[in-house]
Amino acid sequence: MGFFSALLGNAGAVNQETLLKEYGKLLAEGEEIALGFKLIRDTFIFTSKRLIVIEVRGVTGNKVEYLSISYKSISRFSVETAGTFELDAELKIWVSGEVEPSIRKNFNKSVNVYEVQKILALHVLR
C-alpha cells in the first residue's frame with residue numbers, strides 16, 4: 001500500500017536521521033527536527049522553530065523550493081482523520097491573512113495524525 005499511497009499523493013513518515021542527513025543544512029543553530037513526511041517528490045518537516053516545506057519542481061527535479069513558515073505566522077490549522085473507507089487523512093494550514101488554506105497535505109493511514117496535530121498545537125499555541 002505504501003507505493004500506491006505515494007502515487008495518490010499521500011505522505012508517509014520519514015525518520016529523523018534520514019531527514020537530518022538530507023536537510024540538516026537547512027536548520028538554524030539549535031533547531032531540531034520533530035517530525036517529517038515525504039510525498040513522491042516533496043517533503044515537509046516540523047522543526048522546533050518552524051515548518052519547512054520542500055517542493056521539487058520541474059521534470060528533472062533539479063529545481064527545489066524551500067518554503068519556511070514560522071509557527072507564529074500560522075493562524076489556524078485542521079487535521080481530518082481518515083474514515084473507514086478512505087485512504088488518507090488531511091492536514092490544512094492557514095498562514096495569517098489567507099482566506100483559503102496555504103498548505104494542504106494528505107497522509108496515508110500509517111501516519112498518526114494526532115501526533116501531527118500535537119506538534120502543531122505545541123508550537124502554534126505558544
Side-chain angles (χ1 to χ4, degrees):
M1 182 74 109
F3 181 72
F4 181 66
S5 290
L7 286 176
L8 292 176
N10 297 344
V14 179
N15 72 47
Q16 290 178 336
E17 292 174 15
T18 302
L19 292 170
L20 192 56
K21 185 177 176 182
E22 259 187 85
Y23 303 110
K25 62 187 173 220
L26 298 174
L27 301 178
E29 190 172 321
E31 186 174 19
E32 297 176 9
I33 294 174
L35 285 173
F37 302 95
K38 184 153 181 83
L39 288 105
I40 292 175
R41 293 173 38 156
D42 300 339
T43 304
F44 54 110
I45 302 169
F46 295 95
T47 76
S48 55
K49 300 183 182 282
R50 61 193 162 140
L51 171 61
I52 302 172
V53 180
I54 301 147
E55 294 185 355
V56 177
R57 304 215 173 158
V59 176
T60 62
N62 288 334
K63 187 173 183 178
V64 181
E65 178 182 13
Y66 300 93
L67 176 63
S68 177
I69 302 169
S70 67
Y71 291 120
K72 67 182 177 186
S73 68
I74 296 174
S75 59
R76 64 187 190 268
F77 61 90
S78 72
V79 177
E80 182 179 312
T81 61
T84 306
F85 300 107
E86 296 172 346
L87 295 176
D88 60 354
E90 185 176 25
L91 167 68
K92 295 178 192 171
I93 297 175
W94 287 262
V95 174
S96 298
E98 298 284 328
V99 175
E100 295 294 320
S102 305
I103 297 173
R104 288 176 180 245
K105 297 293 178 183
N106 292 318
F107 300 94
N108 62 34
K109 285 191 174 189
S110 71
V111 174
N112 182 346
V113 293
Y114 297 105
E115 282 298 313
V116 174
Q117 189 280 145
K118 185 177 180 180
I119 195 80
L120 270 170
L122 174 71
H123 293 292
V124 172
L125 300 176
R126 282 187 180 175

Enquirer: Is there a path of hydrophobic side-chain contacts, each under 4.5 Å between heavy atoms, that joins Leu67 and Ile74?
Expert: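 Yes: a chain of side-chain contacts under 4.5 Å links Leu67 to Ile74.
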Enquirer: Are Leu51 and Leu120 packed together at the side-chain level, in the sense that at least one heavy-atom pair is separated by less than 4.5 angstrom?
Expert: no
Enquirer: Would a distance-only check, ignoring hydrogens and angles, find a side-chain to backbone donor-acceptor pair under 3.5 Å from Gln16 to Ile33?
Expert: yes
Enquirer: Report yes or no: do Val79 and Leu35 belong to one cluster of Ile/Leu/Val/Met/Phe/Trp/Tyr joined by side chain heavy-atom distances under 4.5 Å?
Expert: yes
Enquirer: Following the transitive rule for hydrophobic clusters with a side-chain heavy-atom cut-off under 4.5 Å over Ile, Leu, Val, Met, Phe, Trp and Tyr, establish whether Phe37 and Ile93 coincide in one cluster.
Expert: yes
Enquirer: Any side-chain heavy-atom pair from Lys105 and Phe44 closer than 4.5 angstrom?
Expert: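 The answer is yes, as the side chains (C-beta and beyond) meet within the 4.5 Å cut-off.
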Enquirer: Do Tyr71 and Leu122 have side-chain heavy atoms sitting under 4.5 Å apart?
Expert: no
Enquirer: Which residue pairs pass the side chain to side chain donor-acceptor pair (under 3.5 Å) test with at least one member in residues 114-126, sequence neighbours excluded?
Expert: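 As it turns out, there is no side chain to side chain donor-acceptor pair (under 3.5 Å) pair with a partner in residues 114-126 once direct neighbours are skipped.
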Enquirer: Do the side chains of Ile45 and Val53 join up, straight or via other hydrophobic residues, at under 4.5 Å, putting them in one cluster?
Expert: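 Different clusters.
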Enquirer: Any heavy-atom pair between the side chains of Ile103 and Leu91 that's under 4.5 Å?
Expert: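 Contact flag for Leu91/Ile103 side chains = no.
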Enquirer: Please give me the minimum heavy-atom distance between Glu31 and Leu26, naming the atom from each residue.
Expert: OE1-O, 4.3 Å
Enquirer: Is a side-chain N or O of Asp42 found less than 3.5 angstrom from the main chain of Val56, in a donor-acceptor match?
Expert: yes
Enquirer: Give the ring-plane orientation class for Tyr66 versus Tyr23, where under 30° counts as parallel, over 60° as perpendicular and anything between as tilted.
Expert: perpendicular
Enquirer: Work out which heavy atom in Ala28 is nearest to a heavy atom in Arg50; give both atom names and the distance.
Expert: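 Nearest heavy atoms, Ala28 then Arg50: N-NH2, 4.0 Å.
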Enquirer: Can you name the closest pair of heavy atoms from Ser48 and Gly30 and give their distance?
Expert: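 In terms of heavy atoms, the two residues are closest at OG-O, 4.0 Å.
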Enquirer: Check Lys49 against Glu29 and note the closest heavy-atom contact, atom names and distance.
Expert: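 Heavy-atom minimum between the residues: CE-O, 4.0 Å.
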Enquirer: Tell me if the CD atom of Glu32 is crowded by more than 12 foreign heavy atoms within 6.0 Å.
Expert: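 No, CD of Glu32 has 12 or fewer neighbouring heavy atoms, counting only those of other groups under 6.0 Å.
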Enquirer: Who pairs with Val14 by side-chain contact (heavy atoms from CB on, under 4.5 Å), at least two apart in sequence or on another chain?
Expert: Thr18, Leu19, Lys38
Enquirer: If you round to the nearest 0.5 Å, how far is CD of Glu22 from OG1 of Thr43?
Expert: 6.5 Å
Enquirer: Are any side-chain N or O atoms of Ser73 and backbone N or O atoms of Val95, one a donor and one an acceptor, separated by less than 3.5 Å?
Expert: no
